[in-house]
Amino acid sequence: MTPPPNFIREIIEGDLKEGKNEGRVHTRFPPEPNGYLHIGHAKSICLNFGLAAEYGGLYNLRFDDTNPSKEDVEYVDSIMEDVRWLGFDWEDRLFYASDYFEKLYEYAVQLIKKSKAYVCDLSADEIREYRGTLTQPGQNSPYRERSVEENLDMFERMRQGEFPDGSRTLRAKVDMASPNLNMRDPVMYRILRASHHRTGDKWCVYATYDWAHGQSDSIEGITHSICTLEFEDHRPLYDWFIDQLGIFHSQQIEFARLNLSYTIMSKRKLLGLVQEGHVGGWDDPRMPTISGLRRRGYTPESIRDFCERIGVAKRESTVDIALLEHCLREDLNKRAPRVMVVLRPLRLVIDNYPEDQVEELDAVNNPEDSSMGTRKVPFSRVLYIEKDDFREDPPKKWFRLAPGREVRLKHAYYVTCTDVVKDEKTGEVVELHCAYDPESRGGWTKDDRKVRGTLHWVSAAHSFPVEARLYDHLFTKEDPDDVKEGMDFKSNLNPRSLETLASCQAEPSLKDAEPGSRFQFMRQGYFCVDTVDSTPDALVFNRTATLRDTWAKIEKALQESEK
RNA sequence: UGGGGUGUAGCCAAGCGGUAAGGCAGCGGCCUUUGGAGCCGCCAUUCGGAGGUUCGAAUCCUCCCGCCCCAGCCA
């Protein structure tokens, strides 16, 4: 399969044709360790690493750790775990911008010597005032024309910790009248006494993104530095620094970040959900984080497939989350073994089935893949079926169970409903009585009689209780940020994003299911054993995705036509 | 009102002067021991709008309109 064309591939192929960079393709994924990776990062990882792999190049993992006040090792660990899980191996090419702090400092000295950088004593507020506005040019800082000697001395003293936090900065001397605000003497270093997760207290001056990023790319010999659209305005500065220094020139290319319907992708907002307890953590199965998706039961293959299918372009867009779910189902359909689990049990007694008899019936593990074999499922007189599979007063087109109706029990027999037992007080149906056809063993008869409905079931005496967690979109709105005045995205949180069913009944083969293992609960959806809360004695399953539910559509259409 | 981007179907997205790929969603049908899966078919006479160039324009030119990003010592 040849990957779909996109503008970045076009650029790379053009470069290759021209023999640029000696034919090398070298990319990097540069996360800041200030949060967990999400599906949007997966797009970037697949793009960066996928492209390098495709053109026989290399890719680096580089932590952009230039702001110690927001960063933490917890995040670097999770990021490495997530990237590996997605299926990418950076081999020995793990780097940190902090690896280059000394080099960056030397580069800064070079710029000072070229009179292209200066120490500025303006406060943050003053810098803002001097910067001008979108329509008005800025004014030069009064410190702009300090001598090289004084700048060298002051910069050295900044590093030595002689000045308080925020009191001075090192700025690039570019152009205060530039229509591009990024060129109005951007800050390269700020004084910040914060302990860095790797360099500890060695430094009290830290490079800004603009100063660190391009030079890090250059040091690593990155040929194509792929980033998101909001950095487009920074490209002239990216190029300016590299040109002033006369070092290897990486090419920055920008693409549109991923947005997903019913989802937020902002790390800041995601952090808020975690901190305020709206979700259980970064790895809550409702989160769009890689760790959340993993715990939910997503496969790395399905995520990579998704990232390929959404394409790469420069126009801002929001991908329908149904596409992600589709990729997941397509993958799991082929690999997930089928099992029978009754989510909301309803007792069903087969009156004409011998009291003590138990049959071990053959069940196919995956109709899509016969190599996955078969298993035995016990059948007996008392079963559980799904509450939703019985209607006392069935609507049109209903071909599940109802009084007098015959259905097939998957892998087993045909049964006909003969009696309904209700709770005297509530009127709730509590038990069904059926008669089975002994000639229908395996689920078919010689007379080829049509039985349209097929239900899943478990034997009451052989099944065991499990918990199922049914997840739905975290937000009720396609665009969670679409809110009324004064409200924020949290007002769109879906109160029903998690439904816990504590007394489901599972077939015995599930007893030894390992944490993380995935199944299709027949006619219900894909589920996986939770890796955090599940124990061998009390299994917890997360619903990864529902199956397509044609009946739900039919019923909805039926109800609407009656109105 | 400065600068940088960007407009192709409900949602993504190909297209690069020769007459609108593909996927998702949706809708019909077939098939089915999962109302699952699979299979078949339908779904843009038109590309943000208006002019122009050309035998021929989504592709080139002009003007207009919409949307996104930028005034952190965040990334």
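In the text below, chain A, chain B and the rest are named by the order of the sequence lines, each starting its count at 1.
Residue contacts for P5(A): at a heavy-atom cut-off of 4.0 Å it reaches the sugar-phosphate backbone alone, with no base atom in range. Residue contacts shown for R184(A) are absent, as no nucleic acid heavy atom lies under 4.0 Å away. Across all strands, E32(A) comes closer than 4.0 Å only to sugar-phosphate atoms, never to a base (heavy-atom distances).
Inspection of the T169(A) and R190(A) side chains reveals no N or O donor paired with an N or O acceptor under 3.5 Å. Defined by atom type and a distance below 3.5 Å, a donor-acceptor pair is missing between the side-chain atoms of N365(A) and R338(A). Between the side chains of S123(A) and E126(A), at least one donor N or O sits under 3.5 Å from an acceptor N or O.
When the P atom is compared between C63(B) and C43(B), the two are found 39 Å apart, to the nearest whole Å. The gap from the C1' atom of G15(B) to that of U46(B) amounts to 14 Å, rounded to the nearest Å. The gap from the P atom of C27(B) to that of G10(B) amounts to 16 Å, rounded to the nearest Å. Nucleotides G7(B) and U53(B) place their C1' atoms 23 Å apart, quoted to the nearest Å. One P atom belongs to C30(B), the other to G22(B), and the distance between them is 25 Å to the nearest Å.
Remark: R315(A) is in phosphate contact with A13(B), judged by side-chain N or O atoms under 4.0 Å from OP1 or OP2. Phosphate proximity of A13(B) to S317(A): present, with a side-chain N or O under 4.0 Å from OP1 or OP2. Between K553(A) and G26(B) there is a side-chain polar atom (N or O) within less than 4.0 angstrom of OP1 or OP2. R329(A) has no side-chain polar atom (N or O) that falls below the 4.0 Å cut-off from OP1 or OP2 of G36(B). For G72(B), neither phosphate oxygen OP1 nor OP2 lies less than 4.0 angstrom from any side-chain nitrogen or oxygen of R190(A).
For T263(A) (side chain) and S261(A) (main-chain N/O), a donor-acceptor pair under 3.5 Å exists by modelled atom type.
In this entry G41(B) has C27(B) as its Watson-Crick or G-U wobble partner, both defining distances falling under 3.5 Å. In this structure, A21(B) makes no Watson-Crick or G-U wobble pair, since no nucleotide meets both defining distances under 3.5 angstrom. Using Watson-Crick or G-U wobble geometry with both donor-acceptor distances under 3.5 Å, U6(B) finds its partner in G66(B).
Here the straight-line distance linking atom OG1 of T289(A) with atom OH of Y36(A) works out to 9.0 Å at 0.5 Å rounding.
Taking only side-chain atoms of F399(A), from C-beta outward, the nucleotide of G35(B), A75(B), G36(B) with the closest atom is G35(B). The I554(A) side chain lies nearest to G35(B) when the options are A75(B), C24(B), G35(B).
Map N34(A) and L455(A) each onto its nearest nucleotide of RNA chain B; the residue landing nearer the 5' end is L455(A). Where F7(A) and H213(A) each meet RNA chain B at their nearest nucleotide, the meeting point lying more 5' is that of F7(A).
Applying the 90° cutoff around 0 to the glycosidic angle, G10(B) is assigned anti.
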